Amino acid sequence: MSHILDGLNSAQRQAVTATDGPVLVLAGPGSGKTRVLTRRIAYLIQEMGVPPWRIMAMTFTNKAAREMLNRVTTVLEGNTKGLIIGTFHKICAMILRREASFLPIANDYVIFDTADQRALMKLVLIEDLNLSDKQYTPQMVLGKVSNAKNDLIHPENYPINSYRDEIIQRAYQRYQLRLVANNAVDFDDLLMRAVMLFEQQPTVLQRYQTSYDHMLVDEFQDTNLAQYRLVQQLVERHQNIFCVGDEDQSIYRWRGADYRNVRRLREDFPDLQSILLEQNYRSTQTILDAARAVIDKNPHRTKKALFTDRGDGVKLMLHEAHDEVEEGQFVVETIATLTATDDIDPGECAVMYRTNAQSRAIEEAFVRANLAYRLIGATQFYRRKEIKDVLAYLRVVHNPDDDISMLRIINTPTRGIGKKTLETLQAWANNTQGSLYRVIEAMVDTPEQAPLSGRALNSVRRFGELLRGWQDVKAELPVNDLIQLILDETGFQDSLIDGTDEGNDRWGNVEEFVNVSVDFADVPLAEFLTELALVSEVDDLPEDVNAPSLMTLHAAKGLEFDVVFLVGLEEGILPHINSIDDPEQMAEERRLFYVGMTRARERLYLLYAFERFRYGSRDQFGVSRFLADVPSELLVGNRPLGGARQRREAAVTAWPSGGGRNGPDLPFDLPNNGARQRVFHSGERVVHAKYGEGIVIESKLRTSDEEVSVMFDDFGMKHLLASLAKLRKLDG
DNA sequence: CTTCCAGATGTTTTT
DNA sequence: CATCTGGAAG
């Protein structure tokens, strides 16, 4: 038959050619699930005669969507007109835009990002609820609100078990009202509002149900309840749902992902066909065995018998670095050696870490060696201050009721609208139930009624006239020209360039942004803004540069490399400190490690550092517990004996090994930093030569010392080093 | 109203 | 350490 089934094994064929109805493909890492997904789409179109425009595929990242579309287009030689492959968020944004007449927001709504959300929630807490934003931080409340939205819980149904819940419910309620007033939605709203819309408007839902005959979902294990419900709604009529996922790669529980959706799917679709993909085409057997040993420690999972015919390959390599500097150095030197002697492509190497903050040390190592690298994510371009400012201008021009963006730009660059003036404006806006823009507009039109005096009034009016000018031209002008006009008329460049390097950098970023916007010249402003709000970390991996990639473990999902370095394998980092006391979260940390390991085709390096610089001090974390689960016969250890290391040896006891049930099973003993005793403990009264008496608040062991935080009766809080400070315990 | 400084504060992971 | 915030000086 055709090339659609070429090169597929029997399980893959079974999936691609499955009959209509619900299908779940449970795929191990590297089992070719993207391949199956793309071939399935091609199969539907070419063999089953389904028109491309009646197929919708959902992914989690733009990159995955783009890649899949490219692949399908290649297989079908371009016969894919109207095929919809997009992220959940983007497809929902599109639906909301099209069906805005059924919604409390207009179709020119904007999407609030995390920073906007925080600013808005702050207003809610302080102005609406008269709370200090210290007790109830916007971040914490937003977390709860986000969870609720992902679980499709509306404000009025928010479960109340405590006074705190009551506060959160009220904040949630006010927050939603304010979003509507701003003609805005947040990320979670995109999903929740789409589901709500379909629930409340059966005819609208029906239109979508009959427009699309087939729904495909990638990374099904990462769906949250809202996403699950959305898919369920859309396939209710025809039941043609095709999901691909791997519960062992579920790493987004914290943002609502619920791998129990797999179980839900089985219950909701009793005639679900399940297909298991167990053959791995990516990694060596050694890497696979090591990864499996790690993931098998997680409870409550269907074990997969992963296998490969790629052969054993080389053993995993373990390296203890002295600190994060040496860790980076080891990575760079190893890559340099591999590319020089083993015929490995620099672009086929990747460094993965738990937190973005860890990238810096690695980057510095590359810079020191004068070698190129590709950094994924981190300080994202579109989240930089100056870029967000320019974006805020566009958003206000597009959607004048966006008060959050208005607050950003009203005095940026400074134009004499200070705190006092702003307060007056806000008070007036509150009184008239309008947005800041309406108030400013009124000052332009009827200045005699304005509650402001000459100078401030003038500043506001001039600003209002600028805004109005941009609004008048926004429809005709391409985005890039509009941006240029705004930059010119606000004196943006002069305000950034202040003689410092930083200022030049910032202006450079703005210029880069202008360049990017040229590509969008014929795209409407609304679409441009949506696009930018939904771009993701992984999206901008420059394909044309042949250099190693640096990324978080989360960003690594779906990618593969010949050589992978997993760095910072320390207790408190991976597993992350915040996850350690929750078994569910610990299981997810383990899956994260598993995802990292299974990215490697040929060589896998596992690194941890003896000590590490963080928050301005050196700390020792100890070896990650996950390393203990890597079978020692699959590992080759490489342990340097640095000076500092030897010094510590005396004061340190090794991990319980041999007879110890929980001790790591490694080719050598690992250090543990629990042995040294602290001298001071919280609650103890102490006396200091200079500060007098006080009480110990906290005491932490540092590399070679003990850091004591003392609240002195007369001098307040001080942080002291036990060895240097003249500090003595008081009896009783 | 703006700028500057000191002190507090904080970081998981991302659409 | 690095960024943000709030308060005081310019």
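Numbers restart at 1 for each chain; the letters A, B, ... are given by sequence-line order, proteins then strands. Keep in mind that this is a model prediction, so the values were computed, not measured. Note: hydrogens, waters and symmetry copies are ignored here, and every other heavy atom, side chains too, is used.
Between A:Lys385 and C:dT3 there is no side-chain N or O to OP1 or OP2 distance below 4.0 Å. Here A:Thr61 does not reach the OP1 or OP2 of B:dT15: none of its side-chain N or O atoms lies under 4.0 Å away.
Side-chain atoms of A:Arg599 come within 3.5 Å of backbone N or O of A:Val595 as a donor-acceptor pair.
In this structure, NZ of A:Lys557 is placed 12 Å from C1' of B:dT15, rounded to the nearest angstrom. As a whole-Å value, the separation of A:Leu142 CG from B:dT15 P is 18 Å. Between the CE atom of A:Met551 and the P atom of B:dT14 there is a distance of 12 Å, rounded to whole Å. When the C1' atom of C:dT5 is taken as reference, atom CD1 of A:Ile126 falls 12 Å away, rounded to whole Å. Rounded to a whole Å, the OH atom of A:Tyr353 is 14 Å from the C1' atom of B:dT14. Straight-line distance from the CG atom of A:Leu532 to the P atom of B:dT15: 14 Å, rounded to whole Å. Atom CD of A:Gln227 is separated from atom C1' of B:dT14 by 12 Å (rounded to the nearest Å). The separation between A:Glu364 atom CD and C:dC1 atom C1' is 12 Å, rounded to whole Å.
Using a 4.0 Å heavy-atom distance criterion, A:Arg591 is classed as making no nucleic acid contact. Across all strands, A:Phe88 comes closer than 4.0 Å to no nucleic acid atom at all (heavy-atom distances).
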Quick test: give all pairs of protein nitrogen or oxygen and nucleotides 8-11 of chain B nitrogen or oxygen below 3.5 Å, distance rounded to 0.1 Å.
none

Output a table of nitrogen or oxygen pairs between the protein and nucleotides 2-6 of chain B separated by less than 3.5 Å.
unit_1, atom_1, unit_2, atom_2, d
B:dT2, OP1, A:Gly416, N, 2.9
B:dT2, OP2, A:Asn411, ND2, 3.2

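For the salt bridge (Lys or Arg N to Asp or Glu O under 4.0 Å) test with A:Arg612, the passing option among A:Glu324, A:Glu326, A:Glu327 is A:Glu327; the others fail.
Stacking is not found between A:Tyr252 and the pyrimidine-like six-membered ring of the B:dT14 base under the 5.5 Å centre-distance and 30° plane-angle cut-offs.
A tilted orientation is assigned to the rings of A:Phe88 and A:Phe60, their planes being inclined by 30° to 60°. Below 30°, between 30° and 60°, or above 60°: for A:Phe520 and A:Phe528 the angle between ring planes is above 60°, a perpendicular geometry.
Under the rule for a side-chain hydrogen bond (donor to acceptor under 3.5 Å, both in side chains), the partners of A:Asp108 that lie at least two apart in sequence or sit in another chain are A:Asn183. A:Glu527 pairs by the side-chain hydrogen bond (donor to acceptor under 3.5 Å, both in side chains) definition with nothing, not counting sequence neighbours. Under the side-chain hydrogen bond (donor to acceptor under 3.5 Å, both in side chains) criterion, A:Arg591 pairs with A:Glu588, sequence neighbours left out.
For the C1' atoms, the distance from B:dT11 to C:dG6 is 22 Å, rounded to whole Å.
With the nearest nucleotide of DNA chain B identified for both A:Thr114 and A:Gln585, A:Gln585 has the one nearer the 5' end. Mapping A:Leu592 and A:Lys420 onto DNA chain B by nearest heavy atom places A:Lys420 at the nucleotide closer to the 5' end.
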Show me the donor-acceptor pairs, under 3.5 Å and distance only, between side chains in residues 226-233 of chain A and residues at least two apart or in other chains.
unit_1, atom_1, unit_2, atom_2, d
A:Gln227, OE1, A:Asn224, N, 2.8
A:Tyr228, OH, A:Arg264, O, 3.3
A:Tyr228, OH, A:Leu265, N, 3.4
A:Tyr228, OH, A:Asp268, OD2, 2.7
A:Arg229, NH1, A:Gln232, OE1, 3.0
A:Gln232, NE2, A:Asp268, OD2, 3.1
A:Gln233, NE2, A:Val195, O, 3.2

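Taking the side chain of A:Lys122 as heavy atoms from C-beta on, and the options C:dT5, B:dC1, B:dT15, the nearest nucleotide is C:dT5.
Between the side chains of A:Asp222 and A:Tyr259, no donor-acceptor pair is found at a separation under 3.5 Å.
Separation of atoms CD1 (A:Ile91) and CG (A:Leu96) is listed at 12.0 Å; rounding is to 0.5 Å.
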